[in-house]
Amino acid sequence: MIGVVVPVHDEEACLDDCLTALRAAATCPLLQGEAVSIVIVLDACSDRSQRIVLTHAMQVDRRWRLDCISVNARNVGIARAAGARLLLQRGARWLAFTDADTRVSPSWLSAQLGLNADAVCGTVAVEDWSPHGRHAKALRSHFARSYTDADGHRHIHGANFGVSASAYLRAGGFAPLACSEDVVLVAALQASGAHIAWSAAPRVTTSARRHAKARGGFGDTLLKVVAALKDTTRLTQN
């Protein structure tokens, strides 16, 4: 069985699209009918996120399962670890992780498994830069210049990550960190001798929203780039 974990903190605006995409990945013919269990970890949610999950759960079939658990940590490392723990108890052989503001491709899971690695670090793509208004074009150009969306990259994203159950356990799992929990786990995987595929094959599209959920995460990094662009513009104008 393949397990998928999605940490959620008040994500009603994007969760529906995330779950629709995960359903397509869970029923991909390339998985040859292997069961997929998706666990949404509701972390201190006060919006309609749980209701959205329950609505999607009514559409499941024998190929995939969707349910949710709740934690009250406001900590993405704790949330990811809680979901992984449940899936390991269910017998998952592979754990895949993404985020609520991300849409995975239909072949996301099959692409991870097809790499025959202990862990897979994938890349992210952004389709809509408009949340950044007049800075959208400059930010898109900066991303295109500075980001490596190709095999051999060295990016680490919790929104596009997979690991075998055995490698995850050897590395000690996710630490209870509010940010960079994925970076710390990958370092532990490397220290344990795990074979890591740095691949652009598993595709996901993530958001460029201005309200970053985790300091130091992808969204927060974009905000820092925008701030730098604003400073550059001021210097040019003065």
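Because the structure is a prediction, the values reported are computed rather than measured.
Put simply, CE on M1 and CG on L87 are 5.5 Å apart, with the number rounded to the nearest 0.5 Å. E34 CD to I2 CD1: the interatomic distance, rounded to the nearest 0.5 Å, is 4.0 Å. Summarising the geometry, atom CD belonging to E11 is positioned 10.5 Å from atom CG belonging to D43; distances are rounded to the nearest 0.5 Å. A distance of 12.0 Å separates CG in L95 from CZ in R80, rounded to the nearest 0.5 Å. Taken to the nearest 0.5 Å, the CG atom of D118 stands 5.0 Å off from the OG atom of S164. Note that OG1 of T55 is 10.5 Å distant from CD of Q50, once rounded to the nearest 0.5 Å.
Although no hydrogens or angles enter the test, the distance criterion places no donor-acceptor pair under 3.5 Å between the side chain of S199 and the main chain of G122. Judged purely by atom type and a 3.5 angstrom limit, D99 has no side-chain atom pairing as donor or acceptor with the backbone of D101. Within the 3.5 Å criterion, the main-chain N or O of W108 finds a donor-acceptor partner in the side chain of S105. For the pair Y147 (side chain) and T123 (backbone), a donor-acceptor distance under 3.5 Å is absent. Of the possible polar contacts, none joining the D182 side chain to the F161 backbone as a donor-acceptor pair under 3.5 Å is found. The backbone N or O of G162 lies less than 3.5 Å from no partner atom in the side chain of Y168, so there is not a single donor-acceptor pair. Judged purely by atom type and a 3.5 angstrom limit, E12 uses its side chain to pair as donor or acceptor with the backbone of R48. Judged purely by atom type and a 3.5 angstrom limit, D10 uses its side chain to pair as donor or acceptor with the backbone of S46.
Nearest heavy atom pair, residue V8 against residue C45, reads O-SG, 3.3 Å. Nearest heavy-atom pair across A171 and A188 is O-CB, 3.5 Å. L189 and A167 make their closest contact through CD2-O, 3.5 Å (heavy atoms, listed as atom of the first residue, atom of the second, distance). Of all non-hydrogen atoms in C68 and L42, the two that sit nearest each other are SG-CD1, 3.9 Å. Pairing each heavy atom of V104 with each of A25, the nearest pair is CG2-CB, 3.9 Å. Contact between Q112 and W94 at its shortest, heavy atoms only, is OE1-NE1, 2.8 Å.
V76 and V5 are assigned to two separate hydrophobic clusters, defined by single-linkage of ILVMFWY side chains at heavy-atom distances under 4.5 Å. A continuous path of Ile, Leu, Val, Met, Phe, Trp and Tyr side chains, each step under 4.5 Å between heavy atoms, connects F174 with V39, placing both in one hydrophobic cluster. Criterion: ILVMFWY side-chain heavy atoms under 4.5 Å apart, direct or through other members. Under it, I156 and V204 are not part of a common hydrophobic cluster. V71 is not connected to I52 by any chain of hydrophobic side-chain contacts under 4.5 Å among Ile, Leu, Val, Met, Phe, Trp and Tyr, and they are in different clusters. At a threshold of 4.5 Å between side-chain heavy atoms, the hydrophobic network of Ile, Leu, Val, Met, Phe, Trp and Tyr places L109 and V163 in two separate groups.
Counted by atom type alone, T98 and N160 present zero donor-acceptor pairs between their side chains at under 3.5 Å. A side-chain donor from one of D16 and H56 sits under 3.5 Å from a side-chain acceptor of the other.
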side-chain contact (heavy atoms from CB on, under 4.5 Å) between L54 and R51, worked out = CA-CA 5 Å; L54 295 177; R51 187 180 305 176; 5.8 Å; no
Under the side-chain contact (heavy atoms from CB on, under 4.5 Å) criterion, do W64 and L22 qualify, and how do the steps go?
-> CA-CA 10 Å; W64 69 297; L22 282 173; over 6 Å; no
Start with the C-alpha distance between R93 and L113, add both sets of side-chain angles, then the distance that settles side-chain contact (heavy atoms from CB on, under 4.5 Å), and finish with yes or no.
-> CA-CA 11 Å; R93 69 178 182 93; L113 294 168; 3.9 Å; yes
In sequence, state the C-alpha distance, the side-chain angles, and the governing distance for C121 and V186, and then conclude on side-chain contact (heavy atoms from CB on, under 4.5 Å).
-> CA-CA 9 Å; C121 292; V186 170; 3.8 Å; yes
D128 and R140: salt bridge (charged side-chain N to carboxylate O under 4.0 Å, His left out), yes or no, with the steps?
-> CA-CA 9 Å; D128 182 13; R140 180 174 62 247; over 6 Å; no
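Listed by chain and residue number, E127 satisfy the salt bridge (charged side-chain N to carboxylate O under 4.0 Å, His left out) test with R103 (two or more places apart in sequence, or in another chain). Listed by chain and number, the residues in a salt bridge (charged side-chain N to carboxylate O under 4.0 Å, His left out) with R170 amount to none (sequence neighbours excluded).
By the 4.5 Å heavy-atom criterion applied to side chains, L177 and V184 are counted as neighbours. The side-chain heavy atoms of C28 and P106, taken from C-beta on, include no pair separated by under 4.5 Å. Contact check for V126 versus S207: no side-chain heavy atoms found under the 4.5 Å cut-off.
Just one of L31, T27, V36 meets the side-chain contact (heavy atoms from CB on, under 4.5 Å) condition when paired with R63; it is T27. The only option from V6, V4, D67 that meets the side-chain contact (heavy atoms from CB on, under 4.5 Å) definition with I40 turns out to be V6.
Residues H132 and F143 keep their aromatic ring centres 6.0 Å or farther apart.
Residues in residues 184-197 take part in no side-chain hydrogen bond (donor to acceptor under 3.5 Å, both in side chains) pair, two or more places apart or across chains.
More than 12 heavy atoms of other shown residues, nucleotides or ligands fall within 6.0 angstrom of atom CZ in R154.
A parallel orientation is assigned to the rings of H153 and H155, their planes being inclined by less than 30° (bins at 30° and 60°).
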